[in-house]
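What follows is a set of notes on a single structure, which appears directly below.
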Amino acid sequence: MIIHNQNFDIMQIADSGQCFRMNYIENKDKKVKYGLVAYGRYLELTQLDPDTVEFSCSEEEFYQIWEEYFDLKYDYGKIVNGLINGEDPFLKEAALYGKGIRILKQEPFEAAISFIISQNKNIPAIKNCIEGICRRYGEQKENKECGRIDYVTFPTAEVLGQAVKEDLRALKTGYRDEYILKAAQAVKTGELDLENLKQCSFEEAVKTLKGIHGIGEKVANCISLYGLHHIEGFPVDVWIQKVLKEIYNNQFDKDKYKGYSGIVQQYMFYYMRHLKSAS
DNA sequence: AGCCAGGTGACCG
DNA sequence: CGGTCACATGGC
């Protein structure tokens with residue numbers, strides 16, 4: 001299954017800090033390959049050229065799951081061009097630099113737990129921690145399309161909600177162990193209905209999420225943006241704080257980008273990390 | 001070796 | 001409300 005899209009770069013997506021189970025596999029003949037587990041499936045993606053991505057799955061599976069997952073019906077080119085031709089010099093560069101990023105539609109529960117774990121950790125540590133949790137509590141599966149690859153799914157709330165705190169702690173969750181446990185139990189009992197939060201407003205979703213112990217403003221924005229696809233989400237972490245302070249002198253107005261501020265935030269994050277690592 | 005990481009809750013005034 | 005502090009642990 002081959003897809004052409006001018007705003008679809010799998011390396012940029014994998015490196016954009018919004019998902020933690022998309023991993024580099026190889027680079028053969030300048031064609032980069034990544035593997036990913038989501039929605040109980042394993043998928044491999046190959047960037048054939050800047051505008052072309054090959055999916056390892058069938059056409060049915062692509063239209064059933066991945067077209068939606070990668071938000072491929074939405075026109076990111078329009079957003080990118082608007083920023084490139086706009087008045088904001090930083091966003092001009094940022095959009096140009098990260099034009100292949102897309103905001104993924106991840107599973108809400110996975111996004112919730114992943115971003116609870118993310119607090120005060122760097123991205124490699126988050127990935128390792130999540131992988132450990134999947135291995136311990138996820139379901140073992142086998143993928144035949146990609147040569148019988150064994151993989152583990154992200155655990156369900158039912159399974160994770162029955163975990164023992166000490167076991168979670170042993171998986172490098174640190175002080176977040178009880179945050180994870182409480183959140184999983186809240187989903188399990190129905191006290192926290194993530195599917196329902198997709199339907200209601202962004203503001204309502206954030207407010208509800210913040211009612212869970214261990215979910216604050218930033219994590220609630222991440223879950224809303226990456227797990228519920230509330231595109232107005234605007235997570236402010238240490239990197240975005242740097243942007244807002246150093247580039248905008250704390251005068252940035254996200255309301256100028258109403259309806260897609262989450263995408264703007266993602267370009268900012270990706271570009272700022274690049275600037276800092278290059279300096 | 002020591003600082004930092006896609007922060008949050010508790011506690012303070 | 002807004003400022004400080006501890007929190008557990010790996011990455012670099």
Side-chain angles (χ1 to χ4, degrees), chain A residues 12-24 94 97-98 101-106 108 110-136 154 163-184 186 192 205-247 250 252 254 261-279:
Chain A
Q12 291 189 352
I13 294 168
D15 200 30
S16 69
Q18 55 174 316
C19 62
F20 304 103
R21 301 200 71 203
M22 184 170 176
N23 296 309
Y24 172 83
Y97 184 72
I101 297 175
R102 313 188 71 83
I103 302 294
L104 304 181
K105 296 187 184 179
Q106 301 180 57
E110 176 171 345
I113 299 299
S114 296
F115 283 99
I116 286 172
I117 290 168
S118 79
Q119 62 186 78
N120 232 42
K121 273 182 181 292
N122 57 33
I123 291 173
I126 299 165
K127 286 184 156 201
N128 289 331
C129 185
I130 291 173
E131 222 42 48
I133 288 177
C134 291
R135 273 198 290 272
R136 174 69 178 76
F154 194 89
V164 179
K165 198 159 79 169
E166 288 69 29
D167 292 346
L168 285 173
R169 182 62 73 97
L171 293 167
K172 321 297 182 192
T173 56
Y175 63 88
R176 308 160 194 79
D177 54 0
E178 61 178 8
Y179 297 166
I180 296 165
L181 202 51
K182 291 269 183 61
L192 177 62
V206 167
K207 190 176 145 197
T208 304
L209 287 166
K210 283 172 72 175
I212 300 294
H213 193 63
I215 299 182
E217 186 69 29
K218 189 268 174 182
V219 168
N221 270 264
C222 284
I223 299 168
S224 296
L225 180 58
Y226 307 121
L228 308 173
H229 208 69
H230 284 303
I231 209 70
E232 315 90 299
F234 196 92
V236 179
D237 72 323
V238 290
W239 294 97
I240 296 293
Q241 271 176 35
K242 276 195 231 286
V243 173
L244 299 183
K245 188 176 171 197
E246 294 175 16
I247 309 293
N250 291 326
F252 183 78
K254 71 174 179 182
S261 57
I263 299 175
V264 170
Q265 178 274 158
Q266 199 63 34
Y267 296 145
M268 282 180 162
F269 176 81
Y270 186 71
Y271 187 51
M272 193 59 174
R273 274 167 49 94
H274 159 72
L275 289 181
K276 290 293 175 183
S277 64
S279 64

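Note on naming: letters A, B, ... go to the chains in the order of the sequence lines (proteins, then strands), and numbering restarts at 1 for each one.
For the pair A:Tyr179 OH and B:dG7 P, the interatomic distance rounds to 13 Å; values are reported in whole Å.
Rounded to whole Å, the separation between the P atoms of C:dA6 and B:dG6 comes to 22 Å. Between the C1' atoms of C:dA8 and B:dC3, the separation comes to 15 Å (whole Å). B:dA5 and C:dC7: their C1' atoms are spaced 14 Å apart (whole Å). Nucleotides B:dC4 and C:dC5 place their P atoms 15 Å apart, quoted to the nearest Å.
In this pair, A:Phe269 lays its aromatic ring flat on the base of B:dG6, centres within 5.5 Å and planes under 30 degrees apart.
Base engagement by A:Gly17 is indicated by at least one non-hydrogen atom pair under 4.0 Å involving a base atom. At the heavy-atom level, A:Gln265 lies under 4.0 Å from base atoms of the strands shown.
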Which atom pairs link the protein and nucleotides 9-12 of chain C when you take only N or O atoms and keep those under 3.5 Å?
{"residue": "C:dG10", "atom": "OP1", "partner": "A:Lys172", "partner atom": "NZ", "Å": "3.2"}
{"residue": "C:dG11", "atom": "OP1", "partner": "A:Asn128", "partner atom": "ND2", "Å": "2.5"}
{"residue": "C:dG11", "atom": "O4'", "partner": "A:Asn122", "partner atom": "ND2", "Å": "3.1"}

Between the protein and nucleotides 10-13 of chain B, are there any N/O to N/O pairs under 3.5 Å, and if so, what are the atom names and distances?
none

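Of the residues near DNA chain B, A:Phe20 and A:Ile215, the one whose nearest nucleotide (by heavy atom distance) lies more toward the 5' end is A:Phe20. Heavy-atom distances to DNA chain B give each of A:Ile212 and A:Ile240 a nearest nucleotide, and the one nearer the 5′ end belongs to A:Ile240.
The aromatic rings of A:Phe269 and A:Trp239 sit perpendicular, their planes meeting at an angle over 60°, well past the 30° parallel limit.
In terms of heavy-atom proximity, A:Ile116 sits nearest to A:Val219 at N-CG1, 4.0 Å. Considering every non-hydrogen atom in both A:Gln265 and A:Pro235, the closest pair reads OE1-O, 3.4 Å.
Between A:Lys276 and B:dC4, a side-chain N or O to OP1/OP2 separation shorter than 4.0 Å is absent.
Between the side chain of A:Gln241 and the base of B:dG7, no donor-acceptor pair under 3.5 Å is found. Evaluation of atom-type donor-acceptor distances gives a pair under 3.5 Å for the side chain of A:Tyr175 against the base of B:dG7. Remark: the A:Tyr270 side chain and the B:dG6 base include no donor-acceptor N/O pair separated by less than 3.5 Å.
The closest side-chain donor-acceptor pair between A:Gln266 and A:Tyr226 falls under 3.5 angstrom.
For residues 164-183 of chain A, every residue pair satisfying the ring-ring contact (aromatic ring centres under 6.0 Å, His included) rule, not counting sequence neighbours, is listed here: A:Tyr179-A:His213.
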